[in-house]
Amino acid sequence: MDRQPFLHDLSVSLRAPTVVLSGRDGQVRRGGVQGAFHADIRVLAYARVLVGGCEPDPLVVHDGGPGEVTYVGIVRDLGDSGGDPTVRLTRRRTIEADGLTEEIELSSTAAVAVATEVRLAVATDLAAMAVVRGGGAAPDVAPDVLPDGFGWAAGDDDAVRVELTGEGAAVDAGEVVLRWRLRVADPGRVVVPATTAVPWSRPLVEADDRRLAVLLDWSLADLDALRLATAARPGETFLAAGAPWYFTLFGRDSLWAARMLLPLGTDLAASTLRALVAFQGTRHDPDTAEAPGKIPHELRREALVGRGGLLLPPAYYGTVDATPLWMILLHDAWRWGLAPEEVEPLLPHLEAAATWLLEHADPDGDGFLEYVDESGHGLANQGWKDSPDAVRFRDGGIAEGPIALCEVQGYAHEAARAAAALLDAFGRPGAERLRVYADALATAFRERFWVEDERGAYPALALDGDKRPADAVTSNIGHLLGTGLLDAREAALVAERVTSPDMDSGFGLRTMSADSGGYSPLSYHCGTVWPHDTAVVATGLMREGHSARAAALAAGLVRAAPGFDHRLPELFAGDAREGANPATPYPASCRPQAWAAASAVSVLLVLLGLRPDIPGGVVDLRPASPTPVGALRVDGLVVGADRLTVEVDRDGRLVSASGCDLVRTSAGYDPPEF
């Protein structure tokens with residue numbers, strides 16, 4: 001049976017929309033997911049260097065950044081006959097948006113001259129990402145011979161075309177350098193490289209716990225490499241969801257990542273909002289799940305074919321949460337200082353999204369957002385936990401749809417209140433209807449979602465198709481924090497649940513309680529730790545005033561980071577932290593993943609307790625006390641037009657805050673306002 005290939009032990013280097021996955025020795029071998037990919041197409045399936053007919057023995061790999069990696073190996077069959085190696089092979093790989101360049105250096109310190117042959121064997125299959133991800137294979141494409149290399153093409157005018165060329169050897173005393181290049185042309189592409197400058201600041205972080213600064217540096221470097229735009233809007237930068245499976249525009253993922261990066265500026269949020277509304281729904285289409293006002297789920301070059309009859313059209317709208325998340329991001333960006341002249345052109349799209357929320361998101365009229373796949377070939381689950389077994393009862397049973405997820409009701413409540421605030425601020429009608437909707441949703445949620453076990457009351461994960469509460473204890477309930485859907489007592493109950501030992505692994509928040517039926521530490525959505533999930537819940541805890549719990553949860557990500565070379569993956573195992581043992585990888589996890597990398601910025605936000613309201617003329621700053629990283633100084637946060645520098649001592653006491661006159665540090669904590 002074909003299985004999804006593992007990723008965790010591969011070397012990954014990228015510059016969107018190109019990514020290369022190889023062995024830790026730099027060799028690109030047959031099978032699995034190894035290769036060079038351009039967006040959703042594998043443009044190089046095999047690239048193996050042989051010296052004297054043999055593979056070098058790997059010595060070390062140096063990561064110089066997301067698009068720069070160097071592999072060093074020893075050629076043991078060449079050179080002097082003693083025990084010390086004297087012939088070394090160094091491969092310097094540079095990834096560019098349209099391909100890659102590799103420099104191969106063979107050097108010798110042998111006492112005698114070394115004569116050998118260096119051979120690069122290559123092949124291309126032009127396999128679709130969906131085929132590779134499913135563990136399938138595609139036949140090699142026969143190359144065309146070029147004057148200085150080879151070329152491959154699938155045939156039609158819009159097909160991907162690949163050229164591989166080499167240069168003559170440069171010979172110096174003791175070393176030979178060879179170079180080869182791979183270039184990709186894709187006339188039918190839907191995503192293109194970002195051409196604008198990096199749309200966020202790079203803050204300087206100093207902390208007693210030095211892991212925090214290293215995590216942030218690597219995260220921002222990975223996010224830089226994930227920048228893309230669409231062919232429809234080439235000037236609007238967004239973050240590709242992740243490499244290699246999700247190397248394109250994803251509504252939910254790109255929105256969450258942009259929201260997490262708001263402390264570094266609003267430019268990415270604004271361009272992500274604009275990129276997505278270029279595809280905002282205008283009609284009802286069960287095949288694509290499009291509806292008027294709806295924000296898309298994902299955009300691909302061609303249809304994605306998966307297991308079990310899954311067939312997602314190139315533009316697919318099967319997401320229940322991207323639309324409210326778009327509305328929330330617009331509001332949050334405005335609160336962080338997005339200029340009115342950038343907000344105003346987006347308000348008609350906000351009104352269209354609000355119409356979807358009010359008129360199309362509740363097909364059975366029970367007052368809740370729910371989803372069901374009408375096409376028969378789309379996603380069965382359409383929240384962020386979209387695997388088929390993600391929605392469960394406490395006994396492990398799987399819920400049947402239509403499904404109303406708890407966190408989606410929170411997003412809807414926050415989105416309605418946020419949209420009302422924007423409509424009022426810009427003198428547009430419709431705010432009162434949204435507030436009435438939000439109030440009714442909160443009342444209905446309180447009546448239908450709350451359940452009890454031996455530890456007390458908590459919100460169910462979802463309502464199933466028969467309106468029964470799917471009562472597994474999950475991280476989803478933590479997404480309700482900060483949305484305004486819960487009162488203070490309810491928020492305290494949720495805060496206690498999500499930070500209890502069955503949920504907090506010590507490396508972050510488990511997606512499901514270790515005490516629930518169906519839990520497994522390596523289940524994709526039923527027991528693993530997702531960094532973005534931890535960051536979302538920690539931020540919600542901070543917004544509700546539970547700063548100590550928020551900081552403790554966020555600190556788990558800092559602890560986990562060294563086990564992944566400070567580049568947090570999409571997810572990892574939910575095993576409990578034991579002593580100095582690192583977190584256990586999830587073998588098919590993407591890395592880098594946009595919202596996982598962006599969670600490092602959320603850690604800063606949580607530790608500082610930063611909540612701006614630029615239109616209201618206030619920036620709240622209430623650091624966690626004590627901080628789990630010791631003394632902390634952050635220089636280069638962006639609030640409105642100001643660059644904010646904050647310094648706190650190890651006890652969380654504010655030492656200084658400069659650069660913004662709107663900062664206040666009062667002891668009280670207000671509930672979320674819209």
| Partners passing salt bridge (charged side-chain N to carboxylate O under 4.0 Å, His left out) against Arg591 (at least two apart in sequence or in another chain) |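 Expected list: none.
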
| request: Could you tell me which residues satisfy salt bridge (charged side-chain N to carboxylate O under 4.0 Å, His left out) with Asp533, sequence neighbours excluded, listed by chain and number? | output: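 In terms of salt bridge (charged side-chain N to carboxylate O under 4.0 Å, His left out), with neighbours along the sequence ignored, Asp533 is linked to no residue.
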
| Yes or no on salt bridge (charged side-chain N to carboxylate O under 4.0 Å, His left out) for Glu414 and Arg259, after CA distance, side-chain angles and deciding distance? | CA-CA 14 Å; Glu414 184 173 5; Arg259 190 181 184 191; 3.0 Å; yes

| said: Under 6.0 Å between ring centres: does that hold for Phe368 and Phe445? | reply: no

Any donor and acceptor pair, going by atom type alone, linking the side chain of [X] with main-chain N or O of [Y] inside 3.5 Å?
| X | Y | answer |
| --- | --- | --- |
| Ser271 | Thr237 | yes |
| Ser254 | Gly251 | no |
| Arg227 | Thr196 | yes |
| Asn381 | Gly383 | no |

| said: The criterion is ring-ring contact (aromatic ring centres under 6.0 Å, His included); which residues satisfy it with His525, sequence neighbours excluded? | reply: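 Partners of His525 by the ring-ring contact (aromatic ring centres under 6.0 Å, His included) criterion, ordered by chain and then number, come out as Trp384, Trp530.
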
| task | Check side-chain hydrogen bond (donor to acceptor under 3.5 Å, both in side chains) between Tyr246 and all other residues, then give those that pass, not counting sequence neighbours. | result | Arg133, Tyr524

| said: Please enumerate all residues that pass side-chain hydrogen bond (donor to acceptor under 3.5 Å, both in side chains) together with Gln4, with sequence neighbours excluded. | reply: none

| Ser475 and Lys385: side chain donor to acceptor below 3.5 Å |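 Ser475 vs Lys385: donor-acceptor pair found between side chains.
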
| said: Pair Asp332, Arg611 - check salt bridge (charged side-chain N to carboxylate O under 4.0 Å, His left out), show working. | reply: CA-CA 10 Å; Asp332 281 5; Arg611 293 197 312 162; over 6 Å; no

| task | Let me see the working for Arg300 and Asp40 under salt bridge (charged side-chain N to carboxylate O under 4.0 Å, His left out), right down to the final yes or no. | result | CA-CA 8 Å; Arg300 294 191 182 270; Asp40 276 348; 2.9 Å; yes

| remark: Contacts satisfying ring-ring contact (aromatic ring centres under 6.0 Å, His included) that involve residues 341-362 (not counting sequence neighbours) are His284-His360

Output the distance between atom [atom1] ([X]) and atom [atom2] ([Y]), rounded to the nearest 0.5 Å.
| X | Y | atom1 | atom2 | value |
| --- | --- | --- | --- | --- |
| Glu290 | Gln280 | CD | CD | 10.0 Å |
| Tyr586 | Phe572 | OH | CZ | 14.0 Å |
| Leu329 | Leu338 | CG | CG | 9.0 Å |
| Leu330 | Leu347 | CG | CG | 6.5 Å |

Hey, is [X] close enough to [Y] for a salt bridge, meaning N to O under 4.0 Å?
| X | Y | answer |
| --- | --- | --- |
| Arg252 | Glu298 | no |
| Asp285 | Lys294 | no |
| Asp224 | Arg15 | yes |

